[in-house]
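Atoms considered below: every heavy atom in the structure, side chains included; atoms not considered: hydrogens, waters and symmetry mates.
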Amino acid sequence: MTPKYHPQEIENKWQQKWAADHIYKVEEHSKRPKFYALTMFPYTSGDLHIGHWYAMAPADTYARFKRMQGYNVLHPMGFDAFGLPAENAAISRGIHPYDWTMKNIKNMRRQLRSMGAIYDWNREVVTCLPGYYKWTQWFFLKFYHAGLAYRAKAPVNWCPRCQTVLANEQVVGEGFCERCSAPVTKKDLQQWFFRITRYAEELLDHSRLDWPERIKIMQTNWVGKSEGAEISFRLKHAGVEEKEIRVFTTRPDTVFGVTFFLLAPEHPLVSRLTTLEHKTEVTEYVVWCRRQTEYERVAVGREKTGVFLGSYVVNPMNGENVPIWISDYVLPTYGTGAVMAVPAHDERDLEFARKFKLPVRTVIAPPGWTGEELTEAYGGSGTMVNSGEFSGLSSEQGYEAICDSLEEKGSGRRTVVYRLRDWLISRQRYWGAPIPIVYCDRCGIVPVPEKDLPVLLPSDAEFRPTGESPLKYCESFVNTTCPRCSGPAQRETDTMDTFMCSSWYFLRYTSPKTRVAPFNHSKVKQWLPVDLYTGGAEHAVMHLFYARFFIKALKDMGLVEFDEPFTRLFNQGTIIYRGDKMSKSRGNVVASDEYVASLGADAVRGYVMFIGPWELGGEWNDRGIVGISRWLNRVWGLVTTGYTSRVVNPGAEREFLHLTHKTIREVTADLEKFRFNTMLSGLMEFSNYLSRVKESGVVSSSLWREAIAYFVLLLAPAAPHLAEELWNKTGHPYSIHNQPWPEYDEELTKEDEITLIIQVNGKLRDKVLVPSSISDMEAKGLALSRDRVKAYINGKKLAMVIYVPKRVVNVVLG
RNA sequence: GCCGAGGUGGCGGAAUGGUAGACGCGGCGGACUUAAAAUCCGCUUCCCGCAAGGGAGUGUGGGUUCGAGUCCCUCCCUCGGCACCA
């Protein structure tokens, strides 16, 4: 009696042996082509759950497949270890963020090892360790010296009751403080920015990237490029030195329809352009706007608000005086923070005009327009009317003519604006990489010299439940000397956005131990760019976008030689549980440890792959996991018990070879397309077939052994432990994971016989097994001679007979 | 509102424009067992029929085609992203 399949035993055994033999240690010098297969590293939340397995097990299976195909594969793992939850744990449970994080890493590392992946643990990267964040700070300095980092005032979420800054995730519901439920407002703070907008145009170029279309679209929308014109409206207001206000518009052809002018309430000219009699009203409105929560301000369907300043600008095209209003629907951060309002052709402007009884003038006639007042704003193209010398032109011609005219007069020009804003990297938090800047009373802003890095996080900071950054009150940290003049100075107490850490970790994996630089240049040259990056689509416009920017900037600084980090991107779907994405913060995680303990890692790996297409994700349901487990047990029995050849049948052997090679072909194709679910069902079908052959014993023992070897090899990426054990048990040399991927024989995958489908008027009426070499004439003749078909013809006229080679005959009756 | 993905048995899902429902779960029946679990075998889209067979069927309604789950148009629903961007 052969022993039963005990997954835990064999999994433990092989994991230890693989580790002891370093069989997954990445070769530095290899003649094999490189393949960098990267999975987004996890945040150190504490537990690896089914959601992580869903991301990582299929990725590992694919990396293993590439490895067997002969690539030198780098498939590393690490931890995204800075972030707010660590700090919250410190406040609520009195554990230092460092201890909390390292404890979590220890657990997650154990869990990751239990998965049996090919991670080379010598390359592990942990972003919260000084050996790593030193280089995050180093990159900050590089960006600073390249003129890509600057300081400016920017609003933060502010809780007036707690007197503290809130991260977006601490603003809950309709804009309330997570801690005290007070309405959250905005407060301006000096913060650090990266000039990502300088790369807007480059970031729009996805032409060399093999990425999902929807991610490219999301990024394109995020950049939000608009072409149009900047138009100067003249200003003659006593006591105001500015002689013009510029606006951006995508529709310069509607400039004759301007009936009022809008500024954002935050616009710097507002108070100076307000006349005496409107002062009180305007001030009140501006204060009211500031008190609005973000949620209220952007709420859809909200009634328009605004006030008149009492002053006017002049339309450069028709010389008209246009009243200046302010309204909070004008965004201070887009375009110039000022808008020429054309109510006839813009829905929002029309709403505003109706509310405040401002005139509406149609200047673009929709097709078939007869001069009546438009009931809704018309944003399409048409014929220009009420537009002076431009009347009669099409709006497209008018667009060009008005731009030409503005440029001639010097009161405007064609231009492009982007929705994209600069990257705010400051966080008013402790658990992040400190921004390496010192403020000196004498020298001003002074970057910390490279030789003084890292700026270490103080370990003695106090964590008070205020939510204010502990660094601010840590005197040993704040007080320092100026690197330039040695006088007294203060350190910047903000830390960096964790997206900084994740913008370059994939470089560090190539040379994680380097102490003299963030990475070894030649190693990066050897491995990068990443050939395949897999992870969740939730990072479409944050992480993936920042990382692209980062690399483009490094390229321009001469630090790397490529300008796109991730050649190919694949997004797996999301695992939903109880109606929500599975995550620790949502409190709906399904632990993987129990499944690993009871059914084995190979079963869990297999099940997460079997659920459905990887890109679709889906609701977690463990009902089917026993199916995979049972199958692995059957495979065990199939391979480990002896085969006896009985009556060898040449026809059966031909079929056996055919199905073996067809399976190799299909499993290979499925893996290449990330169709792990159909890869497994293909292997199941094959193993079911093998069981039947085993019963009948119709193939020779040598043929059987060969097919079993192929089968185990095909199983190896998905169920690495079981495959290793079976490989060993069938007398093959260690290790299966160093074997080449099986090749199929094209000739053998071809069908000898096919089932010919016979239809009458497109409906299935008969099937017949025929040699695949059957000719057109033979097939049609055969179909017409079938009794079932004759019964349908029954004297009716034959309109036509269609034969689709090797598939179907359709008899069409008149 | 805009952009994207999706809608197929009781469930997860499978189907180069050519046999709809592979594979698995669950269910039903049987074998083994004193019994149960495990395992193995058979059946399992719905309706009519003892059967042979026939009819219906891939969110809705239309279209293209000899033939549509698959292609085109309309609408409905679910999920993800963006959302007063001038």
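In this entry the base of B:G53 is anti relative to its sugar, with a glycosidic angle more than 90° from 0.
By the 6.0 Å and 45° rule, A:Arg675 does not stack over the aromatic ring of A:Trp614.
Here B:C11 presents its P atom at 18 Å from CG of A:Asn677, a figure rounded to the nearest Å. The distance between atom CD of A:Glu303 and atom C1' of B:C84, rounded to the nearest whole Å, is 14 Å. Separating the CG atom of A:Leu764 from the P atom of B:G53 is a distance of 11 Å, rounded to the nearest angstrom. Residue A:Leu680 contributes atom CG, which lies 17 Å from atom P of B:A22 at whole-angstrom precision. Following rounding to the nearest Å, A:Trp614 (CH2) and B:G13 (P) show an atom-to-atom distance of 17 Å. Distance CG (A:Asp580) to P (B:C79): 11 Å, rounded to an integer number of Å. Atom pair A:Asn571:CG and B:G81:P shows a separation of 13 Å (rounding to whole Å applied). Counting to the nearest Å, the C1' atom of B:G80 and the NE2 atom of A:His539 are 14 Å from each other.
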Polar pairs (N or O, both sides) under 3.5 Å between protein and nucleotides 64-66 of chain B?
unit_1, atom_1, unit_2, atom_2, d
B:C66, O2', A:Asn810, ND2, 3.3
B:C66, O2, A:Asn810, ND2, 2.5

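For A:Phe545 and A:His539, the ring centers sit 6.0 Å or farther from each other. Taking the centre of each ring, A:Trp325 and A:Phe261 stay at or above the 6.0 Å mark. The aromatic ring centroids of A:Phe570 and A:Phe674 lie less than 6.0 Å from each other. Annotation: A:Phe356 is not in aromatic contact with A:Phe260 [ring centroid separation under 6.0 Å not met].
Every pair passing salt bridge (charged side-chain N to carboxylate O under 4.0 Å, His left out) that includes a residue from residues 538-548 of chain A is listed here, sequence neighbours excluded: A:Glu538-A:Lys581, A:Arg548-A:Glu564.
The minimum heavy-atom distance between A:Ala264 and A:Val330, with the atom names listed, is CB-O, 3.3 Å.
In this structure, A:Glu619 does not pair ionically with A:Arg578, as no charged nitrogen and carboxylate oxygen lie closer than 4.0 Å.
Counting non-hydrogen atoms of other residues, nucleotides and ligands closer than 6.0 Å to CD of A:Glu594 gives a total of 12 or fewer.
Here the nucleotide nearest the side chain of A:Asn221, chosen from B:C3, B:G24, B:G6, is B:C3. Comparing B:A86, B:C23, B:A15 by their nearest atom to the side chain of A:Thr250 picks out B:A86. With distances taken from any side-chain atom of A:Val330 to the nucleotides B:A86, B:G81, B:G18, the minimum falls on B:A86. Comparing B:A86, B:U19, B:A14 by their nearest atom to the side chain of A:Ile757 picks out B:U19. Nearest nucleotide to the A:Val626 side chain, out of B:G26, B:G54, B:U19: B:G26. In this structure, of B:C84, B:G18, B:A22, it is B:G18 that holds the atom nearest to the side chain of A:Val808. Here B:G12 is the nucleotide among B:A86, B:G12, B:C23 with the atom lying nearest to any side-chain atom of A:Ile611. Closest approach to the A:Arg623 side chain among B:C11, B:G18, B:U19 is made by B:C11 (side chain taken as heavy atoms from C-beta onward).
Using P as the reference atom, B:A37 and B:G29 are 13 Å apart when rounded to the nearest Å. Using P as the reference atom, B:G59 and B:C71 are 12 Å apart when rounded to the nearest Å. Atom P of B:C43 sits at a distance of 16 Å from the matching atom of B:A51, rounded to the whole Å. Comparing the P positions of B:G1 and B:U8 gives an interatomic distance of 24 Å, to the nearest angstrom. On the P atoms, B:G57 is 12 Å away from B:G62, given to the nearest whole Å.
Residue A:Ser226 is classed as a sugar-phosphate contact, given heavy-atom separations below 4.0 Å to backbone atoms only. As judged by a 4.0 angstrom heavy-atom cut-off over every strand, A:Arg692 is placed among residues making no nucleic acid contact. Contacts of A:Pro613 with the nucleic acid, taken as non-hydrogen atoms under 4.0 Å apart, involve only primed sugar atoms and P, OP1 or OP2. At a threshold of 4.0 angstrom between heavy atoms, the contacts of A:Tyr792 are confined to the sugar-phosphate backbone, with no base atom among them. Among the protein residues, A:Lys763 comes within range of the sugar-phosphate backbone only, with heavy atoms under 4.0 Å from sugar or phosphate atoms but none that close to a base. A:Asn688 comes within 4.0 angstrom of the backbone, heavy atoms only, and of no base.
Taking only side-chain nitrogens and oxygens, A:Arg788 comes nearer than 4.0 Å to OP1 or OP2 of B:G54.
With a cut-off of 3.5 Å on both pairing distances, the Watson-Crick or G-U wobble partner of B:A5 is B:U78. Base pairing annotation: B:A38 forms no Watson-Crick or G-U wobble pair, as no partner gives both donor-acceptor distances under 3.5 Å. When both pairing distances are held under 3.5 Å, B:C84 makes no Watson-Crick or G-U pair with any nucleotide shown. With both pairing distances under 3.5 Å, B:G26 is matched to B:U44 as a Watson-Crick or G-U wobble pair.
A:Thr668 and A:Tyr744 share no donor-acceptor pair across their side chains, judged by distance under 3.5 Å alone.
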